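Read the structure below first, then the notes.
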There are 4 protein chains.
Amino acid sequence: MSPRTDTQNEKIRLERKQQIMNVALKVIADNGFSNASISRIAKEAGISKGLMYNYFESKEDLVINIMLEGFNQLTNSFDPNHDGVLTEEELHFFIDQSFQTVEQNIPFWRMYFMVLLQPDVYSIITPQLEKILTPFYKTAINYFASQGYDDPVTEVRFFAAIMDGVGLHYIMDPENFPMEGVKTKIHQLFKCK
Amino acid sequence: MSPRTDTQNEKIRLERKQQIMNVALKVIADNGFSNASISRIAKEAGISKGLMYNYFESKEDLVINIMLEGFNQLTNSFDPNHDGVLTEEELHFFIDQSFQTVEQNIPFWRMYFMVLLQPDVYSIITPQLEKILTPFYKTAINYFASQGYDDPVTEVRFFAAIMDGVGLHYIMDPENFPMEGVKTKIHQLFKCK
Amino acid sequence: MSPRTDTQNEKIRLERKQQIMNVALKVIADNGFSNASISRIAKEAGISKGLMYNYFESKEDLVINIMLEGFNQLTNSFDPNHDGVLTEEELHFFIDQSFQTVEQNIPFWRMYFMVLLQPDVYSIITPQLEKILTPFYKTAINYFASQGYDDPVTEVRFFAAIMDGVGLHYIMDPENFPMEGVKTKIHQLFKCK
Amino acid sequence: MSPRTDTQNEKIRLERKQQIMNVALKVIADNGFSNASISRIAKEAGISKGLMYNYFESKEDLVINIMLEGFNQLTNSFDPNHDGVLTEEELHFFIDQSFQTVEQNIPFWRMYFMVLLQPDVYSIITPQLEKILTPFYKTAINYFASQGYDDPVTEVRFFAAIMDGVGLHYIMDPENFPMEGVKTKIHQLFKCK
DNA sequence: CATGAATGAGTGTTCATTCAT
DNA sequence: GATGAATGAACACTCATTCAT
């Protein structure tokens, strides 16, 4: 009987890691950042406290991993063909995709906003986050410039602010927030002139 | 007959209370909610830990006081004549006032967003906050209804989301956020049809 | 207009002191020793914390004063003519008086038993308490000796233990404890042979 | 497969728990209830403060555990064959056993009396204590009824008060209290008529 | 005489992290 | 790899006591 191959081990490791991250995300989103202790997460995940440190160097490291993984999911719906050029269609697709992601993953976005405001954690992810976001930002500026906007930077900033504002209000009150109506308004707002 | 007169004591208390609130606000905004310990706030304020509890019943009580005081400042710029009726002028005045308040009081608004996402704290202020916000909300709905919007509730929700989104992005990056340009865009967006 | 005479001042002082002791006794008996803070006692007595220290050197000093004052009340019903000789009548009178005192002053006796078990406080009052109790003890031994008991010391100790045991059970459950029946049994128990 | 086996862990836990309870009992009995801080107990037990909470949920929980364990030791000497019926022999056996327990475990009984008078703690153990004591009480009433006493309830109350009074006086002064003589007197007192 | 603002050491409790097994 | 006993620094909060007024 042969021992597990390295590849098998690697696979098990990754799955375990993913499972921990999912549980941690839920616990953090539900209880707030500082009420989500390692103990609690470990217990919820059905593993020992000690094992957590086999997968993540620290609580911060765990959070960073969750954040980055979440963003990687989002990036795929923006400029899907990865040509650095955004069409109007792709922008509107991105809007829909974004809110669908939010609706399907409230805990992650709760945590996203928490982390945005948590200076110590934020300062750690910020470099890695920027590496992910900069190309998006550039692509978006190019798009608005090509649409003939006077001040495409302002336009992008405004767009991002609206998306975050709506996301924030949605997760604060998912039951009542009129997401469909608001989505429509955003589509109108960024319709080609 | 007391050694310090009641008036003297009253003055000392008010000043100290305000001083603690100011320091606490800064410490919380700079370090995040859970890193802002009572010890730290007290040290920063140059007083003993114990004295904090002479002025605030608990850390929660301190936060609530800071929040409510901040909101009281904002409320005066919305429907300034308090007739429950909003004119278009007043709405635009409110927009300007809001962002001016944000620009002048970044720490408070950092803290505001932190608290929004802190489930345990939020649940405490929520009742008092709602008491303040409900009339605004109603006034705003009436305004949009009177402007002939099909779905004034959605409109108000969208408006609030935009305001919060812009505020959030501003406090995340006050140096670079193009507040003036964005403000102009918002004014255009809510111009009378 | 003349200032208050020294005697008047002394009288006021004593009354105030007594009032504080009464309040403190009640607060301690109701809330337990460590839950009875100086703040609480002062507030209940309607005076300032600082003033407490004008009348009592410390919290311990306050407790000692209460205890000793309580004992002084009890001593008067034992060997009432102070001749160092106890008659059978006087003993039975003492029994009745003791339980009457307990029934009329539950808080004091709650505190008495608390203090008995509080090593730090007990070790402070113990010398003063002994000074009060020793003559009683001697008188009692003489009494039982004169009644022809083989071992009068054991008899006194047993008597004291019974008195305290009954007192303790009474204050633990004053509503239901059958004090009258028990009193009768004690009287029978120490009837002249 | 775990590094320490479950049995090993179980053993460690039980021993540690017992060790903490023993130390805590001694510290509380020696220093009084409120002077026995968790810090002090932990230091005396040679472990960290934090570890205390690995074994007991709170200070209260620790106290309850100590109390209940102590009572379980006592209960076995009352109505030893557990038939709910007490013979005269069994009663006298219980008396002897009780005092032997007291003599061998002075700290526990010091603590027992402390707790009786500590309103906050007492109210917590009271339900569990009553569950243990009620059957004893009933058995004792039946016994005295069957012995032809007019008022068996008063008799039981008196008996319990005497036992507690003697116990209290013994632990207050174990060196000098004439336990043997007193024990004899109690046996005589409750001899079959 | 009288006040209460102020202190600081203390409390019970939590928790990220380590490490022997 | 996997466990959970163990640590120690931190936390929110309390309180006897002091002292300027």
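Labels below follow one simple rule: chain letters A, B, ... track the order of the sequence lines, proteins then strands, and each chain is numbered from 1. These values consider heavy atoms only, across backbone and side chains, with no hydrogens, waters or symmetry-generated copies. From a predicted model like this one, the values you see are computed outputs, not experimental measurements.
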By nearest heavy atom, map Arg16(D) and Gly50(C) onto DNA chain F; which one lands nearer the 5' end?
Arg16(D)
Can you tell me how far C1' of dT18(E) sits from CG of Leu51(D), to the nearest Å?
14 Å
Nearest-nucleotide check on DNA chain F, Glu60(B) vs Ile38(C); residue mapping nearer the 5' end is Glu60(B)
Test Glu44(B) against Arg40(B) for salt bridge (charged side-chain N to carboxylate O under 4.0 Å, His left out), laying out the working first.
CA-CA 6 Å; Glu44(B) 208 91 11; Arg40(B) 199 162 175 168; 5.2 Å; no
In dot-bracket form, how is DNA chain F paired, counting a Watson-Crick or G-U wobble pair only if both its distances are under 3.5 Å and using | for bases paired to another strand?
.||||||||||||||||||||
Is any side-chain N or O of Asn54(D) closer than 4.0 Å to OP1 or OP2 of dA5(F)?
yes
Which part of the nucleic acid, if any, lies within reach of Arg40(B) when heavy atoms closer than 4.0 Å are counted: base, sugar-phosphate only, or nothing?
nothing
Using a cut-off of 4.0 Å on non-hydrogen atoms, how would the nucleic acid contact of Ser34(D) be classed: base, sugar-phosphate, or nothing?
nothing
Under 4.0 angstrom between Tyr55(A) side-chain N/O and dA2(F) OP1 or OP2:
yes
Ignoring backbone atoms, establish whether Tyr53(B) has a side-chain N or O less than 4.0 Å from OP1 or OP2 of dC13(F).
yes
Contact nearer the 5' end of DNA chain E, comparing Ser48(C) with Asn35(D)
Ser48(C)
Would you tell me whether Gln18(C) and Asn22(C) have side-chain atoms, one donor and one acceptor, within less than 3.5 Å of each other?
yes
